[in-house]
Amino acid sequence: MAPSTSANSTPVSRPSRNDVLFERAKALIPGGVNSPVRAFKAVGGTPRFVQRAQGAYFWDADDKRYIDYIGSWGPMILGHGHPGVVEAVQKAALEGFSFGAPTEREVELAEEIIKLVPSIEMIRLVSSGTEAAMSALRLARGATGRSKIIKFEGCYHGHADALLVKAGSGLATFGNPTSAGVPPEVVQHTLVLEYNNVQQLEEAFALHGGELACLMIEPIAGNMNFVRASVPFMKRCRELCSQYGALLVFDEVMSGFRVGLASAQGLYAQMLPGFEPDMTVLGKVIGGGMPLAAFGGKREVMQQLAPLGPVYQAGTLSGNPVATACGLATLKELQKPGFYEALGARTQSLVAGLTQAASSAGVPFCGDSEGGMFGFFLMDQLPQNYATVMTTDSPAFNKFFHAMLDSGIYYAPALYEAGFVSAAHTAADIEETVAAAQRFFSAL
Ligand code: KE4
């Protein structure tokens with residue numbers, strides 16, 4: 001609350017502009033937000049309305065500064081307002097906002113992504129991760145002539161109907177919708193399994209393998225905070241997909257170019273020689289904060305897409321000329337020598353500092369990170385699946401979240417979300433963050 005003085009000069013507290021804006025927004029926009037997680041429903045309190053951002057920081061409607069560990073949920077890997085990216089976007093905007101016609105920059109971005117992701121031979125640009133995952137799913141079904149798919153509890157692939165599914169009551173039963181408005185028959189082909197459960201995976205393929213179009217997975221699951229697919233589990237995903245002719249689809253919307261230049265698939269290729277997915281879904285970082293996502297894979301699959309093949313997919317703003325300029329400028333910066341080494345070390349220092357702060361106060365705490373993506377849990381051991389993640393003491397998390405927010409540290413407003421460090425975060429920012437956590441944990 002920002003105090004002010006009334007006529008009799010006694011200080012009166014003026015409502016926060018965040019509160020005022022939130023009330024205005026709630027009257028016009030469902031929940032006052034354009035994406036549910038922004039509403040702070042999981043943690044309570046008033047969302048911070050961002051007025052401006054620069055580098056590792058943003059300033060809210062009360063002009064309070066926060067160290068930003070969300071970075072638009074992943075895209076802002078360089079930090080906000082990187083000069084090279086701003087310049088590229090400004091130049092592109094002056095040349096035209098949208099044409100609905102092919103441009104050279106779409107070709108350049110396709111070339112750049114294909115150069116950096118060897119498993120991708122052809123790629124289609126779209127405007128959001130949801131659109132990319134939905135299109136990849138349709139393509140997998142069209143290319144295989146099969147309807148059934150496997151996804152995993154705790155993995156989020158955007159809000160396309162067929163992917164808004166929770167686990168059924170067993171292997172034989174397929175998913176139930178997680179959202180109203182999704183008819184059960186739309187998800188009847190979606191089988192939801194437990195992440196990292198090899199036995200369940202084997203059983204599902206034994207039962208349904210010949211009917212499976214694809215298995216879609218977040219290789220590092222940022223939608224249940226930060227859970228890695230174990231190497232044995234990922235090895236079996238690859239082997240079983242190959243054995244039964246299902247496509248292995250990596251949803252790297254969050255992990256793509258965030259965990260490393262070769263994305264998560266590059267990490268698994270180091271541990272499983274020759275490993276690669278059949279299709280990859282990308283977003284966030286490749287747009288640098290502008291609406292741009294993509295899906296790509298082997299030529300023989302991708303050529304099933306219209307206008308070449310029978311699988312229809314389209315988009316007015318696909319490959320938008322301003323968004324592609326933003327994405328290209330971002331990818332250019334990521335390839336500079338030492339970029340990920342420095343980013344990874346900075347992120348690791350954050351997780352190590354937070355863990356130390358908690359453990360020195362006797363608070364159960366563990367965390368993990370890869371590149372510029374991290375997660376932490378108020379528990380002793382890193383969870384391996386969604387059910388374990390959700391055993392987190394959420395009131396305790398919410399208390400931590402708000403204490404950090406009050407200290408000007410902005411984490412994801414939900415315990416099942418990952419966090420992100422940018423190249424703009426400094427050692428001093430990490431020290432400030434860890435100090436705030438130390439104050440909180442030692443006061444418990
Ligand atoms: P979008 O449609 O939100 O661009 O992307 C959907 C999506 C697909 N796949 C993965 C692995 C994702 O993480 C996402 C979106 N991530 C969320 C954060 N958990 C975006 C934040 C939001 O929904 O507002």
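In listed order, ligands and their atoms are each counted from 1. The structure presented is a predicted model; accordingly, all values stated were derived computationally and were not measured.
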Review point. Nearest non-hydrogen atom to atom 2 (O) of ligand 1 belongs to which of Ile70, Thr130, Val126?
Key: Thr130
Practice item. For the pair Glu108 and Arg105, find out whether any cationic side-chain nitrogen is under 4.0 Å from an anionic carboxylate oxygen. Key: no
**Study point:** Atom indices of ligand 1 within 4.0 angstrom of Asn223 heavy atoms, with elements
**Key:** 10 (C), 11 (C), 12 (C), 13 (O), 18 (C), 19 (N)
Exercise for review: Dump the intermediate steps for ring pair (Phe, Tyr, Trp, His ring centres under 6.0 Å) on Tyr244 and His208, then the final yes or no.
Suggested key: CA-CA 9 Å; Tyr244 287 92; His208 306 292; over 10 Å; no
Check your understanding: Considering only heavy atoms of Gly158, which atoms of ligand 1 have at least one such atom less than 4.0 Å away?
Key -> 6 (C), 7 (C), 8 (C)
Exercise for review: Number the atoms of ligand 1 from 1 as they appear, then name those within less than 4.0 Å of a heavy atom of Glu218, with their elements.
Suggested key: 11 (C)
Revision key, fill the gap. Note: ligand 1 atoms sitting under 4.0 Å from heavy atoms of Trp73 are 18 (C), 21 (C)
Exercise for review: Answer yes when Asp19 and Arg24 have at least one side-chain N-carboxylate O distance shorter than 4.0 Å, and no when they do not.
Suggested key: no
Review point. Nearest protein heavy-atom contact for atom 9 (N) of ligand 1: which residue, which atom, what distance?
Key: Asp251 OD2, 2.8 Å
Study note, to complete from the structure: Closest to atom 4 (O) of ligand 1 (heavy atoms only, candidates Ser127, Pro36, Gly129) is Gly129
Study note, to complete from the structure: Near Val37 (heavy-atom distance under 4.0 Å), the atoms of ligand 1 are 22 (C), 24 (O)
**Study point:** Atoms of ligand 1 close to Met254 [distance to a heavy atom under 4.0 angstrom, numbered from 1]
**Key:** 13 (O), 19 (N)
Check your understanding: Phe365 and Phe376: aromatic ring centres closer than 6.0 Å?
Key -> yes
Check your understanding: Less than 4.0 Å between a side-chain N and a carboxylate O, is that true for Glu202 and Arg236?
Key -> yes
Review point. Is there a heavy atom of Lys284 sitting under 4.0 angstrom from any atom of ligand 1?
Key: yes
Check your understanding: Does the separation of the ring centres of Tyr411 and Tyr66 fall below 6.0 angstrom?
Key -> no
Check your understanding: Using heavy atoms and a threshold below 4.0 Å, how should the contact between His157 and ligand 1 be classified: side chain, backbone, both, or neither?
Key -> backbone
Check your understanding: Within the side chain of Lys284, is there an N or O that forms a donor-acceptor pair under 3.5 Å with the backbone of Gly289?
Key -> no
Review point. To the nearest 0.1 Å, how far is atom 10 (C) of ligand 1 from its closest protein heavy atom, and which atom is that?
Key: Tyr156 O, 3.3 Å
Study note, to complete from the structure: protein heavy-atom neighbour closest to atom 23 (O) of ligand 1 works out as Ser35 OG, 3.4 Å
Check your understanding: Do Phe40 and Phe401 have ring centroids that are under 6.0 Å from one another?
Key -> yes
Review point. Phe440 and Phe400: aromatic ring centres closer than 6.0 Å?
Key: yes
Check your understanding: Where on Glu417 is there a heavy atom closer than 4.0 Å to ligand 1, on the side chain, on the backbone, on both, or on neither?
Key -> side chain
